[in-house]
Amino acid sequence: MDQGLISVDKWGQPSQAYFLTHLHADHTQGLSRRWKKGPLFCSPITRKLFPATFPGFDLSLLRVLEIGSTSSIRLVSETSRKEILVEVTTIDANHCPGAVMYLFQGEFGSFLFTGDFRWDAESQRGQQGKDVLMNALNGRKLDFLYIDNTYCNPSFCFPPRAIAAKQVVDIIASHPLHDIIISISNLGKEDLLVHVAHALNIKIWVWPERLQTMHLLGYGDIFTKDTGLTRVRAVPRYNCTIDTLVTLNTVKGPTIGIIPSGLPWGICSKNKQKQGQRICIDKSQLADNSSSARMLHQYLYCISYSDHSCFNEIQELITILRPTRMRGIVSSSFCYVNPVRYFGQLCGTNQNNDPSSSTSTSEVKDVEVRQADSFSGWDVFHRETETSATAANLSYRSVKRRRVSQLRRERSGAKIAYTDDDN
DNA sequence: GCGATCAGAT
DNA sequence: CACATCTGATCGC
């Protein structure tokens, strides 16, 4: 029987070593402050953010892996009791602060888990990541690639974030008398906000918990929780709605919203009972990838600023690696496409994947039936008797859990993030 | 009361 | 249809 050795972004089942790619909630489902199943490997920045995300967590479980480094981890086969040496290389994913890829190499073969990643064309951090990756592989074949396929569809084509950030600055600068709200989540898009702050020589308001994160990341001077100091506020995404903007324009003054996102947002009517409009995914927007800055509404702009790689960037990584096998880590995307569909032919005769189905290998067949679910975590099991890619047996558990309760209460201040009465 | 989980929202 | 996250409800301890 195969045994659980390594888990990546997967926390429910026994494993000898757990790896966290980044701290977004869909990669930490199953983690909690009481979790203590084993050593948890992460990047230095994730380590720094961890206590605020999971207060009370036993921090002695954390093992920090420096970005660009390769570490040896000794695990033990529970079937043969033999020692298994795992070499793990930690690579900058350039997705959100602390986000990394993990490359595992050993007698079992080589596996790359990209986690969520954005390697913008011509970006320095992306190039450094590629260099670290290729140096670590040192000419060896990659047996299995688990890749961020969020935007694995040729319709998705967005500019490097540096370009999109300029567009955000331009929109703000062309509304000199407006208040601005920019939608962000709990982690990510700091580079955009820092760029805006520097370009326009202003501070940016964030909600109190987010300000704490900014301080941990070393951006304390740029952000404030005093609304009197700036006209630009970064708010949780669920507060950047048409309703909110209409209300702000009515009761406060001219305000526009900016959604930095790679998704094809559009406007749709609300359901019959309710009046007004809401933001939703609009597939027809996919046809028009000529403009990466779009006015969705009188008060709302959408900029194609994405922390996930677009199609061409996914293609570039797969072309470099030509893995023997691969899978996407995201299956909940509304336009989910198995990367094999587009890139299987790049990966040689051993790929053995039927383009019309997601995979043809028995090892992962049970995974496929849950493709409609959301998942992002993986277990790597080692099969002692085989050596190549087929030595890896994989499973995942589809979960979409929410952290609630105390964390919820602690963060409830966020819901008045767009008012000015919470200093 | 708290954590886990689900339904539903943007 | 949602990059990730929030709210509310329920259930069992």
Side-chain angles (χ1 to χ4, degrees), chain A residues 9 11-12 21-35 53-56 93 95-96 99 115-118 148-153 155-156 158 161 164 181 183-189 192 207 209-210 213 235-245 257 259-268 270-271 274 276-286 296-297 300 302-310 314 328-337 371-374 376 397-418:
Chain A
D9 293 347
W11 313 101
T21 60
H22 64 292
L23 274 170
H24 279 155
D26 56 331
H27 293 256
T28 61
Q29 13 174 292
L31 261 187
S32 69
R33 65 187 72 193
R34 288 203 236 289
W35 186 96
T53 309
F54 296 104
H95 167 66
C96 69
D116 291 346
F117 81 102
R118 178 86 201 265
D148 176 10
N149 59 314
T150 303
Y151 292 125
C152 188
N153 182 309
S155 302
F156 289 115
F158 13 81
R161 281 172 290 194
I181 61 174
S183 72
I184 60 170
S185 57
N186 287 355
L187 189 62
K189 304 211 161 67
L192 169 63
W207 62 99
E209 294 83 357
R210 199 62 162 89
T213 302
V235 304
R237 183 174 39 194
Y238 57 91
N239 276 335
C240 191
T241 64
I242 303 289
D243 279 352
T244 299
L245 285 162
I259 300 176
S261 169
L263 285 169
W265 294 107
I267 299 289
C268 23
K270 282 189 170 175
N271 57 35
K274 293 184 179 177
Q277 298 170 309
R278 65 184 181 86
I279 307 160
C280 63
I281 296 296
D282 178 2
K283 271 190 173 177
S284 70
Q285 299 291 344
L286 283 173
L296 293 189
H297 177 273
L300 188 59
C302 185
I303 307 293
S304 297
Y305 185 104
S306 172
D307 285 331
H308 296 268
S309 290
C310 66
I314 293 170
I329 62 169
V330 177
S331 66
S332 64
S333 176
F334 72 96
C335 65
Y336 171 78
V337 175
Q371 205 170 70
D373 296 334
S374 166
S376 58
R397 199 164 67 93
S398 171
V399 281
K400 194 146 196 168
R401 235 179 279 158
R402 286 87 185 160
R403 262 183 302 130
V404 285
S405 212
Q406 185 157 353
L407 278 177
R408 174 192 297 182
R409 285 190 299 281
E410 286 167 358
R411 292 173 180 176
S412 61
K415 76 176 165 191
I416 51 170
Y418 53 84

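Here the structure is a predicted model, which means the values were calculated and not measured. In what follows, chains carry the letters A, B, and so on, assigned in the order in which the sequence lines appear, proteins first and then strands, with residues in each chain numbered from 1.
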Peer 1: Please give, in whole Å, the distance from C:dC6 C1' to A:Gln29 CD?
Peer 2: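 A:Gln29 atom CD is separated from C:dC6 atom C1' by 15 Å.
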Peer 1: Check the distance between B:dA9's P and A:Gln277's CD and give it to me in whole angstrom.
Peer 2: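 Going from A:Gln277 (CD) to B:dA9 (P), I get 18 Å.
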Peer 1: Ignoring backbone atoms, test whether A:Arg34 places a side-chain nitrogen or oxygen under 4.0 Å from the OP1 or OP2 oxygen of B:dG3.
Peer 2: yes
Peer 1: Taking any heavy-atom pair under 4.0 Å as a contact, classify A:Ser261: base, sugar-phosphate, or nothing.
Peer 2: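 Touches a base.
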Peer 1: Which one, B:dG3, B:dT10, C:dT5, comes nearest to the side chain of A:Arg33?
Peer 2: B:dG3
Peer 1: Just checking, any donor-acceptor pair under 3.5 angstrom between side chains of A:Thr150 and A:Asp148?
Peer 2: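 Looking only at side-chain atoms, A:Asp148 and A:Thr150 do form a donor-acceptor pair, the distance falling under 3.5 Å.
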Peer 1: For the pair made of OH in A:Tyr238 and P in C:dT5, what is the distance, rounded to whole Å?
Peer 2: 11 Å
Peer 1: What is the distance from atom CG of A:Asn239 to atom OG1 of A:Thr244, rounded to the nearest 0.5 Å?
Peer 2: 5.5 Å
Peer 1: Can you measure A:Leu263 atom CG to B:dT10 atom P for me and round it to whole angstrom units?
Peer 2: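 Computing the A:Leu263:CG to B:dT10:P distance gives 16 Å.
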Peer 1: Taking only the side-chain heavy atoms of A:Ile281 (C-beta and beyond), determine which of C:dT5, C:dC6, C:dC1 contains the nearest atom.
Peer 2: C:dC1
Peer 1: With a 3.5 Å distance limit and no angle check, can you tell me whether A:Arg210 reaches the backbone of A:Ser185 through a side-chain donor-acceptor pair?
Peer 2: yes
Peer 1: Say whether, by atom type as modelled, one donor and one acceptor occur between the side chain of A:Asn149 and the main chain of A:Ile329 under 3.5 angstrom.
Peer 2: yes
Peer 1: Taking only the side-chain heavy atoms of A:Asn186 (C-beta and beyond), determine which of B:dT10, C:dT5, B:dA4 contains the nearest atom.
Peer 2: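 Closest nucleotide to the A:Asn186 side chain: C:dT5.
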Peer 1: Tell me whether the OP1 or OP2 atom of C:dT5 has a side-chain N or O from A:Asn239 closer than 4.0 Å.
Peer 2: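 Looking at the OP1 and OP2 atoms of C:dT5, neither is under 4.0 Å from any side-chain N or O of A:Asn239.
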Peer 1: Take the protein atom CG of A:Leu300 and the nucleotide atom C1' of B:dT10, then report the distance between them rounded to whole Å.
Peer 2: 12 Å
Peer 1: What's the CZ-C1' distance between A:Arg278 and B:dG8, to the nearest Å?
Peer 2: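 Result: 12 Å.
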Peer 1: Using whole Å, what does the distance between atom C1' of nucleotide C:dC6 and atom NE2 of A:His24 come to?
Peer 2: 14 Å
Peer 1: B:dT10 P sits how many Å from A:Leu296 CG, rounded?
Peer 2: 15 Å
Peer 1: Which of parallel (below 30°), tilted (30 to 60°) and perpendicular (above 60°) describes A:His24 and A:His22?
Peer 2: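 Correct class here is perpendicular.
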Peer 1: Looking at B:dA4, C:dT5, B:dT10, which one has an atom nearest to any side-chain atom of A:Ser32?
Peer 2: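 Of the candidates, B:dA4 comes closest.
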Peer 1: Give one of base, sugar-phosphate or nothing for A:Asp116, where a contact means two heavy atoms less than 4.0 Å apart.
Peer 2: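 Result for A:Asp116 = sugar-phosphate.
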